[in-house]
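Below is one structure, written out as structure tokens; the observations come after it.
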Amino acid sequence: QVHLLESGGGLVQAGGSLTLSCAVSGGTFSTYAMGWFRQAPGKEREFVAASSQSGGSTYYADSVKGRFTFSRDNAKNTVYLQMNSLKPEDTAVYYCAADPQYWRTIYARARSYDYWGQGTQVTVSS
């Protein structure tokens, strides 16, 4: 079984920063496409950021471009989401996702990902 565990969520004030981590175990992490998604209460899960299995390509939702940075460390089987200039509208549960079929991953499509973490809450106060 492939397991993903997010951490790093919390409560921050608007304009602050937060870094999320996602540790992956039980699989060949270096061959996975990895993504971050988020879901606010009453809303659908939305794409935030993703990277190819090599980490050579990254993709971001328009709402977070210039503020969030996706990175991955294959040696540590971990991906990160550095979030800067946080806004109240960033408040959501953030999920890490993995797709072993990296060659055909549609990075912004949640259904492309086979494995999901349990989520970590990010709350940004006004």
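Along the sequence shown, residues are numbered consecutively beginning with 1.
A search for side-chain contact (heavy atoms from CB on, under 4.5 Å) contacts involving Ser85 returns Arg67, not counting sequence neighbours. Annotation: salt bridge (Lys or Arg N to Asp or Glu O under 4.0 Å) contacts of Lys65 (sequence neighbours excluded): Asp62. Not a single salt bridge (Lys or Arg N to Asp or Glu O under 4.0 Å) links Arg45 to another residue, sequence neighbours left out. Applying the side-chain contact (heavy atoms from CB on, under 4.5 Å) criterion to Ala110, with sequence neighbours excluded, gives Phe37, Trp116. Residues satisfying the side-chain contact (heavy atoms from CB on, under 4.5 Å) criterion with Ile106, sequence neighbours excluded, are Arg109, Ser112. Among residues two or more places apart in sequence or in another chain, the side-chain hydrogen bond (donor to acceptor under 3.5 Å, both in side chains) test is passed with Thr123 by Gln121.
Tyr107 places none of its side-chain heavy atoms less than 4.5 Å from the side chain of Ser57. Using a 4.5 Å heavy-atom threshold, the side chains of Thr28 and Pro100 count as separate.
Considering OG of Ser30 and CZ of Arg72, their distance stands at 7.5 Å, rounded to 0.5 Å. Between atom CD of residue Gln118 and atom CD of residue Glu6 there is a gap of 6.5 Å, rounded to the nearest 0.5 Å.
In terms of heavy atoms, Ala92 sits closest to Ala40 at CB-N, 3.8 Å.
Although no hydrogens or angles enter the test, the distance criterion places no donor-acceptor pair under 3.5 Å between the side chain of Gln101 and the main chain of Thr105. Within the 3.5 Å criterion, the main-chain N or O of Lys76 finds a donor-acceptor partner in the side chain of Thr78.
Taking Ile, Leu, Val, Met, Phe, Trp and Tyr as members and joining any whose side-chain heavy atoms lie under 4.5 Å apart, directly or through other members, the hydrophobic cluster of Trp103 also contains Tyr102. In the hydrophobic clustering, Val79 connects to Val2, Leu4, Val12, Leu18, Leu20, Val24, Phe29, Tyr32, Met34, Trp36, Val48, Tyr60, Val64, Phe68, Phe70, Leu81, Met83, Leu86, Tyr94, Tyr115, Val122, Val124, either directly or through intervening members, whenever side-chain heavy atoms lie under 4.5 Å apart.
Legend: side-chain hydrogen bond (donor to acceptor under 3.5 Å, both in side chains) pairs involving residues 9-26, not counting sequence neighbours, sorted by first then second residue: Ser17-Asn84, Thr19-Gln82. Legend: salt bridge (charged side-chain N to carboxylate O under 4.0 Å, His left out) pairs involving residues 29-38, not counting sequence neighbours, sorted by first then second residue: Arg38-Glu46, Arg38-Asp90. Listed by first and then second residue, the salt bridge (charged side-chain N to carboxylate O under 4.0 Å, His left out) pairs involving residues 95-107 amount to none (not counting sequence neighbours).
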